[in-house]
Amino acid sequence: MRIRIIGTGVMGRGIAQWAATAGHTVELADARQESVDEAITFVRGLLDRAVAKGRTSAEEAAAIAARLVPVDSPGKPGDDVDLVVEAIREDLDTKAALFTELEAVLPAHTVFATNTSSLPITQIAARLGEPSRLCGLHFFNPVPLMKIVEVIPGARTRPDIVDSLTTLVRDTGHRAVVVADTPGFLINHAGRGLVTEALALLEEQVAEPAELDRIARDVLGLKMGPFELMDLTGLDVTAAVIDSIWHGFRYSDRLRPSFLTPNRVAAGLHGRKTGRGWFDHTEGAIAPGEAPVTGDARRPVWTSDADIREALAGAGATVEDGDAPSPGAVVLVATWGTTVSASIAGDGLPAARTVGVDPLSLPSSRRVLAVTPATDPAFARDARAVLALGEHTVSVVRDSAGSPAQRLVSSIVSVAASIAERGIASPGDIDVAVTTGLGYPVGPLAWGERIGGTKLLELQRNLHTSTGDPRYRPTRWLTERAQLGLPLTERGTSPSDVTESGKDIH
């Protein structure tokens, strides 16, 4: 296959390397010829380093480099060009103008693909005389390592083009996921679940960014906390994506942006690239540390929750028996989408001595302790010391409806369930795309399945009831499957299974 890559920035270079490594002849074109030469030199340099590290042979590297062909104009005629992949700047008019130019000089069999990360495929294709020949082909940087590609048909894209591009991607060892032409497509859309909820937690002063990141890493198993991630990506980029997807889905409460971001973006607090974001990245800066444990781990604790009792007794804590706590005991309550304050009021517990424990955190290396405005600090310090027994670290957070870990995982699953509910992508593709593209320890729908549909529905209903915020309203996808005892990870029966002749119902 002969592929023309137009745009030789970071993404274009990565796509060129990917295609040439797969054995395709790759034409490189750009508005600036110097950029083409620089791109070929760059890819050859990467190949030389791969040879030096023993990752490929000198012969194979030379063969890959030989398949890179400079082209003096993006609009150069070429009857043998099978596919054009555009990776120029993210502007609809600019991309549409390029494809209009290409349509006039390339044969009808040439397939057009755009690497846009956010622009509607249908709106780009609408400018063409034959819009059916254009499809989205969204790669992620760095292309050779990020082995996931979104194949996004527009409203009039020919089905055979979707099939051929999917096959092309899979034949190179990358995973192709077919995604509907919707705001953010799949991976960028799914990623909003983590960052938007993290910002909501910060708005409510539940915890500081460093503490929320620790909980995300240690309790949920994420490689990077949401605020670390925003600093790496750039808050200017993250905020723009959040706003774009929120606008695109007509102001969905589930995707609601934070009031915190606009001023920080205006102030240049973008993250690593500006030296300061949620954290200080200047040379010599010291990362935020954790406060030492200063309480008395010998103080007795009382709880009615069996899981807390078992975890603490196993670590050597003094856990009281009985129907009520003694006057000097710390009272520990488990919250699940609810507040410690509600437990105090509902069960008549002593407000000064009662704190919350997130049950999600019990099996992890980090336990999460929630305090209310009425908590006696001395009792909270002792509770922290007790929870730290057994070489655990303990995060102290403000009481809120649901712990930070509960709210983050609920949001991650809810956004993914909403994607499945709308038919934007299949459940299997959602989980594969998120684990591959975002590095989550498990796909969001599989994550919800691990918690359990019924348990997760209880969490989301409690969050919704406790806050009154439609952001936490359970999706139909989760509600139906929890009620029917079906896995969250499967499509289930749809009307088309009944109306299509000869189709079995599963």
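When a residue number appears, it is its place in the shown sequence, counting from 1. When reading the values below, keep in mind they use all heavy atoms of this one structure, side chains included, and skip hydrogens, waters and symmetry mates. In this text, all values refer to a predicted model and were calculated from it rather than measured experimentally.
A donor-acceptor pair shorter than 3.5 Å can be found between the side chains of Glu203 and Ser258. Side-chain contact, Asp358 with Ser361: no donor N or O sits under 3.5 Å from an acceptor N or O. For the residue pair Ser411/Ser414, the side-chain donor-acceptor check at 3.5 Å is not satisfied. Between the side chains of Ser341 and Asp399, at least one donor N or O sits under 3.5 Å from an acceptor N or O. Between the side chains of Thr122 and Asp181, at least one donor N or O sits under 3.5 Å from an acceptor N or O.
Leu456 places a side-chain heavy atom less than 4.5 Å from the side chain of Leu488. Contact annotation: the side chain of Pro226 approaches that of Asp213 to within less than 4.5 Å [non-hydrogen atoms, C-beta and beyond]. Within the 4.5 Å cutoff, the side chain of Leu165 has heavy atoms near those of the Leu83 side chain. Using a 4.5 Å cut-off on side-chain heavy atoms (C-beta onward), Thr114 and Phe99 make contact. Contact annotation: the side chain of Thr238 never approaches that of Val241 to less than 4.5 Å [non-hydrogen atoms, C-beta and beyond]. Using a 4.5 Å heavy-atom cutoff, the side chains of Leu463 and Thr465 are not in contact. A heavy-atom distance below 4.5 Å is not found between the side chains of Val394 and Val368. Taking 4.5 Å as the limit, every side-chain heavy atom of Arg491 sits out of range of all side-chain heavy atoms of Ser426.
Other residues, nucleotides and ligands contribute over 12 non-hydrogen atoms within 6.0 Å of the CZ atom of Arg32. Annotation for Glu290: atom CD counts as buried by contact number, over 12 foreign heavy atoms lying within 6.0 Å.
Sequence neighbours left out, the pairs with a member in residues 402-412 that pass salt bridge (charged side-chain N to carboxylate O under 4.0 Å, His left out) are Glu197-Arg407, Glu204-Arg407. Within the structure, salt bridge (charged side-chain N to carboxylate O under 4.0 Å, His left out) pairs that include any residue of residues 37-56 do not occur (at least two apart or interchain). Counting only residues at least two apart or on different chains, the side chain to side chain donor-acceptor pair (under 3.5 Å) pairs with a member in residues 384-393 are Arg367-His392.
Judged by distance alone, with hydrogens and angles left aside, the side-chain atoms of Thr335 form no donor-acceptor pair with the main-chain N or O of Gly402 at under 3.5 Å. A donor-acceptor pair under 3.5 Å is absent between the side-chain atoms of Asn462 and the main chain of Thr338, judged by distance alone. Looking only at distances, no side-chain donor or acceptor of Gln17 sits under 3.5 Å from a matching main-chain atom of Val43. His189 places no side-chain N or O within 3.5 Å of a backbone atom of Thr182 that could act as its donor or acceptor partner. Without hydrogens or angle criteria, Glu228 side chain to Gly225 main chain gives a donor-acceptor distance under 3.5 Å. Between the side chain of Asp431 and the main chain of Ala446, a donor-acceptor pair closer than 3.5 Å is present. In terms of modelled atom types and a separation under 3.5 Å, the side chain of Thr375 and the main chain of Pro377 share no donor-acceptor contact. A donor-acceptor pair is defined here as one N or O able to donate and one able to accept, closer than 3.5 Å; such a pair exists between the side chain of Arg192 and the backbone of Asn188.
A search for side chain to side chain donor-acceptor pair (under 3.5 Å) contacts involving Ser466 returns nothing, not counting sequence neighbours. Looking at residues two or more places apart in sequence or on another chain, you find a side chain to side chain contact (heavy atoms under 4.5 Å, CB included) between Arg256 and Trp246, Asp253, Asp469, Arg471. Taking Ala52 as the reference, nothing meets the side chain to side chain contact (heavy atoms under 4.5 Å, CB included) condition, with sequence neighbours excluded. Remark: Lys273 engages Asp236 in a side chain to side chain donor-acceptor pair (under 3.5 Å) (not counting sequence neighbours). Applying the side chain to side chain contact (heavy atoms under 4.5 Å, CB included) rule to Ile187 yields the partners Phe140, Ile148, Glu150, Ala433, Leu438; only residues at least two apart in sequence or on another chain are considered. Taking the salt bridge (charged side-chain N to carboxylate O under 4.0 Å, His left out) definition, one finds that Glu90 meets it with Lys95, sequence neighbours left out. When the side chain to side chain donor-acceptor pair (under 3.5 Å) test is applied to Thr282, the partners found at least two apart in sequence or on another chain are Asp280. Residues satisfying the salt bridge (charged side-chain N to carboxylate O under 4.0 Å, His left out) test with Arg127, not counting sequence neighbours, are Asp93. By the side chain to side chain contact (heavy atoms under 4.5 Å, CB included) test, Arg422 is found to be paired with Phe249, Ser418, Ile424, residues two or more places apart in sequence or in another chain being considered.
Leu201 contributes atom CG, which lies 5.5 Å from atom CG of Leu408 (distance to the nearest 0.5 angstrom). Note that the CD1 atom of Ile6 and the CG atom of Leu102 stand 4.5 Å from one another [nearest 0.5 Å]. Going from atom OG1 of Thr8 over to atom CD1 of Ile40 covers 9.0 Å, rounded to the nearest 0.5 Å. Taken from OG1 in Thr274 to CZ in Arg272, the straight-line distance is 11.5 Å, to the nearest 0.5 Å.
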- Query: For Arg366 and Ser395, what are the C-alpha separation, side-chain angles and deciding distance, and is it a side chain to side chain donor-acceptor pair (under 3.5 Å)?
  - Reply: CA-CA 7 Å; Arg366 178 176 298 277; Ser395 290; 3.0 Å; yes
- Item | Criterion side chain to side chain donor-acceptor pair (under 3.5 Å) on Thr94 and Arg89, from CA distance to verdict | CA-CA 8 Å; Thr94 304; Arg89 71 186 182 93; 3.2 Å; yes
- Task: Check the pair Met230, Val195 against side-chain contact (heavy atoms from CB on, under 4.5 Å), reporting the backbone distance first and the verdict last.
- Result: CA-CA 8 Å; Met230 283 186 272; Val195 294; 4.1 Å; yes
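For the residue pair Leu457 and Thr479, the shortest heavy atom distance occurs at CD1-OG1, 3.7 Å. Between Cys135 and Val162, the shortest heavy-atom distance links the atoms SG-CG2, 4.5 Å. Pairing each heavy atom of Leu98 with each of Pro74, the nearest pair is CD1-CB, 4.2 Å.
Between Arg214 and Glu211 there is a salt bridge, since at least one side-chain N of the basic residue sits less than 4.0 Å from a carboxylate O of the acidic one.
Between His247 and Tyr251, the distance from one ring center to the other falls under 6.0 angstrom.
A cation-pi arrangement is absent between Lys147 and Trp18, since the terminal nitrogen or guanidinium carbon is not both under 6.0 Å from the aromatic centre and inside a 45° cone about the axis.
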